[in-house]
Colleague: 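One structure is given below, represented as structure tokens, and several questions about it will come after.
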Amino acid sequence: MTVIQHKPVNPIAHLSAEDIEILGKELDAIRDRVLAERGESDAAYIRKVIKTQRTLEMSSRAVLLFSLFPPAWVVGTAGLAVAKILENMEIGHNILHGQYDFMRDPKIHSTTWEWDHVSPAEQWKHSHNQLHHTYTNVLGKDNDLGYGIMRVDEDQKWYPLHLGQPLWNFVNACFFEYGIAAYDLELGRNLRKGRHKAPEFRARLRAVGRKIRRQVLKDYVIHPLLSGPSFLSTLAATFTANLIRNLWSHSVIMCGHFPNGVETFEKTSIEGETRGEWYLRQMLGSANISGSRLMHVMTGNLSFQIEHHLFPDLPSRRYQEIAPQVRALFDRYGLTYTTGPLPKQVASAWWKVIRLSLPNRDAARPTTDERPARALAAAGV
């Protein structure tokens, strides 16, 4: 496995190929234990969260019927924002990962769930589940690294266009669900390569268009109209709730793969990759957020991004339970478990975006084309 290093010491040089495979087996054992215990308590949990979210959304929209009154606007907007965050993070994201497919409930299943998001579930599952989780932090393979619009590694070649990436990142954060839809479409790449007229791309584009129309009609036409005289204030409340949801989701996801301490990898890192090496890449390429139980629920338990990337199909509520076991493996194998409070992780991620918008201080530092010459082979594998 080849790791792009920015340190004089390779953080996994002390691990042999045998160590890595034993580590993989220990992680498999943790997963197998959770699978054996998974059952009714997990099903009851997700049903309770769905019921809570729907009750909160309906009550918040009811309060917004009177949104001409400032207290009602504030309460309704806050409630709607929380409901949208819950739906996207703890419910939609995790159901679409197949975490609750074991229930065999056709209403709560990765093949039937459609979330409150402009990106169609099927397209998101392809770009996120199949691509991002397979090629985690592999430059040139994982488009989540910078979403195709940012420079996220010092070994990537710098262009003057990168000076604007703090602004692009802020705009992307404000309209994150639309950015994800464009990302799922690989819009920039398809336009650049002239594939926008291909039947497959046009079909996917029409699907996104239909989903956007449904979301806009629901959020910005039907519900504001139901408010009657409060139409404009309800419209503003809904926009604000979506903005809060987008900023929150963007921040949580940035914290998972951008802070200091998170590694990126060469394309060659996945050639002949074993199960143990795949696990190791997830461990090195992810970061956690420390906090309260409420924090974990509101992040969809992506505050345990390391555990999620190791076991994306396990019920998210189990991540907090197994985190001490996973961290113990980090310690035993001499690896750094990257975690920190939300403000620290957000600041670290944003600092990286700002820092990498500028050229490298060392003009002699290799660019993307020269990376293979300086990449270190981890543990001689």
Colleague: Are E21 and R275 ion-paired here, with the side-chain N under 4.0 Å from a carboxylate O?
Modeller: no
Colleague: Ignoring hydrogens and angles, tell me if any N or O in the side chain of S348 forms a donor-acceptor pair with the backbone of N260 under 3.5 Å.
Modeller: yes
Colleague: Any side-chain heavy atom of F265 within less than 4.5 Å of one from T136?
Modeller: no
Colleague: With a 4.0 Å cut-off on N to O distance, would you call E122 and K125 a salt bridge?
Modeller: yes
Colleague: Going from CG on N288 to NE2 on H296, what distance comes out if it is rounded to the nearest 0.5 angstrom?
Modeller: 9.0 Å
Colleague: Give, for atom CD1 of I46 and atom NZ of K51, the distance between the pair rounded to the nearest 0.5 Å.
Modeller: 14.5 Å
Colleague: Please find the pair of heavy atoms, one from A241 and one from A81, that lie closest to each other, and give the distance.
Modeller: CB-N, 3.7 Å
Colleague: If we only count heavy atoms from C-beta on, is the H250 to N169 side-chain gap below 4.5 Å?
Modeller: yes
Colleague: Between atom CD1 of I108 and atom CG of D101, what is the distance when rounded to the nearest 0.5 Å?
Modeller: 11.0 Å
Colleague: Looking at R293, I'd like to know if its CZ atom is crowded, meaning that more than 12 non-hydrogen atoms belonging to other residues, nucleotides or ligands lie closer than 6.0 Å.
Modeller: yes
Colleague: Side-chain contact, heavy-atom cut-off 4.5 Å: Y45 with E90?
Modeller: yes
Colleague: May I ask you to decide if K25's main-chain N or O and D28's side chain share a donor-acceptor pair within less than 3.5 Å?
Modeller: no
Colleague: Describe, in one word, how the ring planes of H132 and H309 are oriented to each other, choosing from parallel (under 30°), tilted (30 to 60°) and perpendicular (over 60°).
Modeller: perpendicular
Colleague: Would T234 and F239 count as a side-chain contact (heavy atoms from CB on, under 4.5 Å) here? Give the steps.
Modeller: CA-CA 9 Å; T234 298; F239 177 83; over 6 Å; no
Colleague: Show your working on side-chain contact (heavy atoms from CB on, under 4.5 Å) between Y178 and I212 and close with a plain yes or no.
Modeller: CA-CA 9 Å; Y178 291 91; I212 290 175; 4.2 Å; yes
Colleague: May I ask you to check whether H308 and H133 place their ring centers less than 6.0 Å from one another?
Modeller: yes
Colleague: Donor-acceptor pair, distance only, cut-off 3.5 Å: does the side chain of T112 make one with the backbone of P106?
Modeller: yes
Colleague: Indicate, with yes or no, if the rings of H93 and W124 have centres closer together than 6.0 Å.
Modeller: yes
Colleague: Please determine which of R245, E177, Q53 meets the side chain to side chain donor-acceptor pair (under 3.5 Å) test together with N88.
Modeller: R245
Colleague: Using a strict cut-off of less than 4.0 Å between a Lys/Arg side-chain nitrogen and an Asp/Glu carboxylate oxygen, indicate whether D219 and K84 qualify as a salt bridge.
Modeller: yes
Colleague: Is there a side chain to side chain donor-acceptor pair (under 3.5 Å) between N94 and Q99 once you walk through the steps?
Modeller: CA-CA 6 Å; N94 294 327; Q99 293 180 6; 3.3 Å; yes
Colleague: With a 4.5 Å limit on heavy-atom distance, are the side chains of R355 and E154 in contact?
Modeller: yes
Colleague: With a 4.5 Å limit on heavy-atom distance, are the side chains of R31 and L35 in contact?
Modeller: yes
Colleague: Thinking salt bridges, do E57 and R61 make one under a 4.0 Å N-O criterion?
Modeller: yes
Colleague: Find the distance between CD (Q345) and CD1 (I289) and round it off to the nearest 0.5 Å.
Modeller: 7.0 Å
Colleague: Would the distance check show the side chain of S230 and the main-chain N or O of S233 forming a donor-acceptor pair, the cut-off being under 3.5 Å?
Modeller: no
Colleague: For a 4.5 angstrom cut-off between non-hydrogen side-chain atoms, does V34 reach Y319?
Modeller: no
Colleague: Take N246 and S249 through the test side chain to side chain donor-acceptor pair (under 3.5 Å) and record every step on the way to the result.
Modeller: CA-CA 5 Å; N246 288 338; S249 301; 5.7 Å; no
Colleague: Please check this pair: side chain of T264 against backbone of N137, looking for a donor-acceptor N/O pair closer than 3.5 Å.
Modeller: no
Colleague: In terms of hydrophobic clusters joined by side-chain contacts under 4.5 Å, are V75 and L65 together?
Modeller: no
Colleague: In terms of hydrophobic clusters joined by side-chain contacts under 4.5 Å, are I180 and F258 together?
Modeller: yes
Colleague: Find out whether D42 and F102 are in side-chain contact, i.e. whether some heavy atom of one side chain is under 4.5 Å from a heavy atom of the other.
Modeller: yes
Colleague: Between Y337 and F330, is the ring centre distance below 6.0 Å?
Modeller: yes
Colleague: Using modelled atom types only, decide if a donor and an acceptor are shared between the side chain of R151 and the backbone of H162 within a distance under 3.5 Å.
Modeller: no
Colleague: Going by distance alone, is a donor N or O of one side chain under 3.5 Å from an acceptor N or O of the other, for T111 and H109?
Modeller: yes
Colleague: Against E18, only a single residue in L15, I22, I20 fulfils side chain to side chain contact (heavy atoms under 4.5 Å, CB included); can you say which?
Modeller: I22
Colleague: Taking only Lys NZ, Arg NE, NH1 and NH2, and the carboxylate oxygens of Asp or Glu, determine whether R281 and E273 approach each other closer than 4.0 Å.
Modeller: yes
Colleague: Answer with yes or no whether the hydrophobic clustering places W248 together with W115; edges join I, L, V, M, F, W, Y residues whose side-chain heavy atoms lie under 4.5 Å apart.
Modeller: yes
Colleague: Yes or no on salt bridge (charged side-chain N to carboxylate O under 4.0 Å, His left out) for D116 and K218, after CA distance, side-chain angles and deciding distance?
Modeller: CA-CA 10 Å; D116 181 42; K218 171 176 70 71; 3.0 Å; yes
Colleague: Rounded to the nearest 0.5 Å, what's the gap from CG on L185 to CD on Q123? Could you check?
Modeller: 5.0 Å
Colleague: Decide whether M58 and I222 are clustered together by the hydrophobic rule: side chain heavy atoms of Ile, Leu, Val, Met, Phe, Trp, Tyr closer than 4.5 Å, transitively.
Modeller: no
Colleague: Are any of the side-chain nitrogens in D105 or R47 under 4.0 Å away from the carboxylate oxygens of its partner?
Modeller: yes
Colleague: Please test L329 against L23 for side-chain contact (heavy atoms from CB on, under 4.5 Å), starting from the C-alpha separation and ending with a verdict.
Modeller: CA-CA 8 Å; L329 288 178; L23 171 62; 4.2 Å; yes
Colleague: Looking at side-chain heavy atoms only, is the closest gap between L131 and H126 below 4.5 Å?
Modeller: yes
Colleague: Which distance, rounded to the nearest 0.5 Å, do you find between the OG of S316 and the CD1 of I95?
Modeller: 9.5 Å
Colleague: State whether a side-chain donor-acceptor pair under 3.5 Å links Y220 with N242.
Modeller: yes
Colleague: Do L235 and L217 belong together in a cluster built from hydrophobic side chains that touch within less than 4.5 Å?
Modeller: yes
Colleague: Within a 6.0 Å radius of atom CZ on R202, are there more than 12 heavy atoms belonging to other residues, nucleotides or ligands?
Modeller: no
Colleague: Sub-3.5 Å donor-acceptor pair from the side chain of N129 to the main-chain atoms of L96, do we have one?
Modeller: yes
Colleague: Before giving the answer on side-chain contact (heavy atoms from CB on, under 4.5 Å), spell out for V63 and W73 the whole-Å C-alpha distance, their side-chain angles and the decisive distance to 0.1 Å.
Modeller: CA-CA 8 Å; V63 171; W73 190 92; over 6 Å; no
Colleague: Whether K211 and E114 form a salt bridge (side-chain N of Lys/Arg under 4.0 Å from carboxylate O of Asp/Glu) is what I want to check.
Modeller: yes
